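A short worksheet on the structure shown next.
Residue numbers start from 1 in every chain, and the chains themselves are labelled A, B, ... in the order their sequence lines are given, proteins ahead of strands. Because the structure is predicted, anything quoted here is derived from the model rather than measured.
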Amino acid sequence: MVTLTEERRPVATGPGRRRREVARGQSWLAAAMLSPTLVVLALVVFYPLVAALRESFYTSGETLDADGFVVEGERFSGLANYAGVVSERFLNAAFNTTLFTVVTVLLEVVLGVAMALVMNRAFRGRAVLRASILIPWAVPTAVSGLMWKWIFQADGVANTLLGTEILWTAEGVYAKLAVIVADTWKTAPFVGLLVLAGLQIIPREVYEAARVDGASPRQTFWRITLPLVKPALLVAVLFRLMDALRIFDLPYVLIGPRKHSVETLSGLIWDEATRVHYGPASAYGTALFVYIALIAFVFVKLLGADLLSDVRAREKETADAA
Amino acid sequence: MLRRTGMIGIALYCLVPFYWMVVSSFRRTADIYDKSPIPAPWSLESYQAVFEEGVGFGQSLGNSLIVAGVTTAVTLLIGTMAAYALARLTFRFKNLILALIIAVSMFPGALLIVPLLKLFTAIGWINTYQAMIAPSMSFALPLTVWNLTTFFRQLPYELEQAAMIDGCTPFAAFRRVMLPLAAPGIFTTAILAFIATWNEFIIAVTMINDPGRQTATVRIAQFTGAAKFDTPFGTQMAAGVLVTIPLVLLVLFFQRRIVTGLTAGALK
């Protein structure tokens, strides 16, 4: 008995201690391997974030104090910079941003799902199709802005084809429409690509079973395809929402900077920053950040329950496999 | 029949606007407003105009190449290590760091430029390459880490174990065994990061006001014609084609990998 326990003890504790040592070694290695990335992100993301928050409560430049003396440098100004959040210009920019986001993401989802369904069925010519679907994604946004500006010229090809004489790239509703068309063109194929990837992991047997049970194509789409592709679709929509909320270059190039009818929140922040109005720019930037975070939070909360459970399930799978 | 119509529809949707840009770039300035689907006569006038002296387009292409190239290289160098650690090593706060890196990629660039513009003005970085490269890492680095993390996870664990049994330290196992195996994933990520940085606009338009340092995407948006209010559409289209061609070639050559990379980053 005594010899047994004495023999057992080293065997029992050995692997445990070694595992702990390995874990400690891995922690050190992990810290070493992660630190460059974390340092860079701290410098280019967290520092600006904190600095912008601080800046948003300060006024810079020359101001007059109560006795009429000129005060230079930065002064704490409380929420004064945030007062601009209720200004007409900010509300307009917020409205434009929201409008572009809602309309383009809706259009992209409909077009993207349709494209994915067609591509999922296509056998011949799939490579060509996939190459062409990547073209809008590859064209730089600034270039696509120029391209659509040319198409939407007063005597451009859009007006010729439509038989209209609309001034698309001047101010107004048509400018908004031009931005929406250009943005949808560029990003709907990307959504299509992500949805297609989601479609391809649906097992064929599910469709065979549905066919045996006599489901109509419409029923198959609403009851099988859409629920099963939902996780992929939600990820695509979340990505697109985040991107659409910070849209800047397309309206800038297509219509122009400081254009009331297409100015977005990013455009407004850029304008204030380049005019050295750092305080208001930071306040607006913080507002945009909060807006984006809020949308992401609500989106994940409302729709993402199965999105997260899906991610967790997969993580568990990989952990189990390991 | 319906399927074929759909396929043709998608191809037309994606290609026609781009085709119109290409066709317009081959028209003469005199018949730039022509609506014929094929230019008659073909002309390289616009392309010559792009490379005329004073336009500075060649220089801006070089600037784009430097900014996108250096950003991609630095990002890969440090991002690969971070991704490996997140995918294969066990340590505390792993999920927190992973979540943080994803969240970072959602930051609005407009918020970052305000303090960075102020900082770069103070330290004299305005009109330098590093003023574009450093902020570009704010989106290139999360993209790289996220993509490569999913890629490393797919590789079998036995490989490192075998290497370590053979006497490799964990870092040596990473460098000698995992890194070569991950080469295809790293390559794909490099393409994605390069394309993302090449297309970057808001940082470049904010930090640079010297035309000699502008990147191509900013430069062509600011082309002006002979008269001040005259937009030189032919020249812009030609420049647009030239800026896009490297990307289209990359996409056509590596489309399978790019699609895998794009969907892996989002779905796995």
Problem set entry | B:L86/B:F91 under side-chain contact (heavy atoms from CB on, under 4.5 Å): CA gap, chis, key distance, verdict | CA-CA 9 Å; B:L86 288 169; B:F91 55 94; 4.0 Å; yes

For this session: Using the ring pair (Phe, Tyr, Trp, His ring centres under 6.0 Å) rule, take A:W270 and A:Y252 through it: C-alpha gap first, then chi angles, then the decisive distance, then the call.
Result: CA-CA 10 Å; A:W270 174 84; A:Y252 180 100; 5.1 Å; yes

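Within a 6.0 Å radius of CZ in A:F46, other residues, nucleotides and ligands contribute more than 12 heavy atoms. Atom OH of B:Y19 has more than 12 neighbouring heavy atoms from other residues, nucleotides or ligands inside a 6.0 Å radius. Atom CZ of B:R256 is surrounded by 12 or fewer heavy atoms from other residues, nucleotides or ligands within 6.0 Å. In the displayed structure, A:R275 atom CZ is contacted under 6.0 Å by more than 12 heavy atoms of other residues, nucleotides or ligands.
Heavy-atom pairs under 4.5 Å with chain A were tallied for B:G6, B:G9, B:G240, B:P108; the largest tally goes to B:P108. Chain B forms the most heavy-atom pairs under 4.5 Å with one residue out of A:Y47, A:W137, A:F190, and that residue is A:W137. Looking only at heavy-atom pairs under 4.5 Å with chain A, the residue among B:T169, B:V243, B:L252, B:T206 that has the most is B:T206. The most heavy-atom pairs under 4.5 Å with chain A, out of B:I101, B:V251, B:I245, B:L100, come from B:V251. When each of B:T217, B:I32, B:I202, B:L247 is checked for heavy-atom pairs under 4.5 Å with chain A, B:I202 comes out on top. When each of A:T160, A:V139, A:L134, A:D155 is checked for heavy-atom pairs under 4.5 Å with chain B, A:D155 comes out on top. Ranking A:I135, A:I292, A:V157, A:V40 against chain B, the residue ahead of the rest is A:V157, based on heavy-atom pairs under 4.5 Å. Most heavy-atom pairs under 4.5 Å with chain A, from the set B:Y13, B:W198, B:F18: that is B:Y13. Per-residue heavy-atom pair counts under 4.5 Å with chain B were compared for A:L41, A:T141, A:L288, A:T274, and the maximum is reached by A:L41. Ranked by heavy-atom pairs under 4.5 Å with chain B, the first of A:I133, A:D249, A:I269, A:I151 is A:D249. Contact count against chain A (heavy-atom pairs under 4.5 Å) is highest for B:K118 among B:Q236, B:E200, B:R4, B:K118.
Interface remark: B:V74 contributes no atoms to any contact with chain A (heavy atom separation under 4.5 Å). With a threshold of 4.5 angstrom between heavy atoms, A:T184 approaches chain B through its backbone and through its side chain. Of the atoms belonging to A:M115, heavy atoms from both backbone and side chain fall under 4.5 Å from chain B. Interface residue B:Q222: only side-chain heavy atoms are found under 4.5 Å from chain A. At a 4.5 Å heavy-atom cutoff, the contact between B:L89 and chain A is made by backbone and side-chain atoms alike. The contact between B:T121 and chain A is made entirely by side chain atoms (from C-beta outward), counting heavy-atom distances below 4.5 Å. For chain A, no part of B:I8 is nearby; none of its heavy atoms comes within less than 4.5 Å. Looking at A:T37, both its backbone and its side chain come within 4.5 Å of chain B, counting heavy atoms on both sides. Residue contact with chain B, scored on non-hydrogen atoms closer than 4.5 Å, is absent for A:Y284. With a 4.5 angstrom heavy-atom cutoff, A:V253 touches chain B only via side-chain atoms. At a 4.5 Å heavy-atom cutoff, A:E272 makes no contact with chain B through either its backbone or its side chain. At a 4.5 Å heavy-atom cutoff, the contact between A:Y278 and chain B is made by backbone and side-chain atoms alike. For a residue to count as touching a neighbouring chain, one of its non-hydrogen atoms must lie under 4.5 Å from one of that chain's; by this rule A:L111 touches chain B with the side chain only. Proximity to chain B (any heavy atom under 4.5 Å) is shown, for A:L196, by neither the backbone nor the side chain. Heavy atoms closer than 4.5 Å to chain A are found in both the backbone and the side chain of B:L117.
In this structure, a donor-acceptor pair under 3.5 Å is present between the side chains of B:E160 and B:Y84.
Seen from the ring of B:Y157, B:R88 counts as a face-on cation partner, given the 6.0 Å and 45° thresholds. By the 6.0 Å and 45° rule, B:R219 does not stack over the aromatic ring of B:F223. Figure legend: cation-pi geometry between B:R27 and B:W20, with NZ or CZ positioned under 6.0 Å from the six-membered ring centre and within 45° of its axis.
Ring pair A:W150/B:Y33: centre-to-centre distance below 6.0 Å.
Taking the six-membered ring where the residue is Trp, A:W148 and A:W185 present perpendicular rings, their angle passing 60° and hence far from 30°. Taking the six-membered ring where tryptophan is involved, the planes of A:F289 and B:F107 are perpendicular, since the angle between them exceeds 60° and thus also 30°.
Proximity of B:V23 to B:M237: side-chain heavy atoms (C-beta onward) are nowhere separated by under 4.5 Å. Two residues are said to be in side-chain contact when any heavy atoms from C-beta on lie closer than 4.5 Å; A:H277 and A:D271 fail this criterion.
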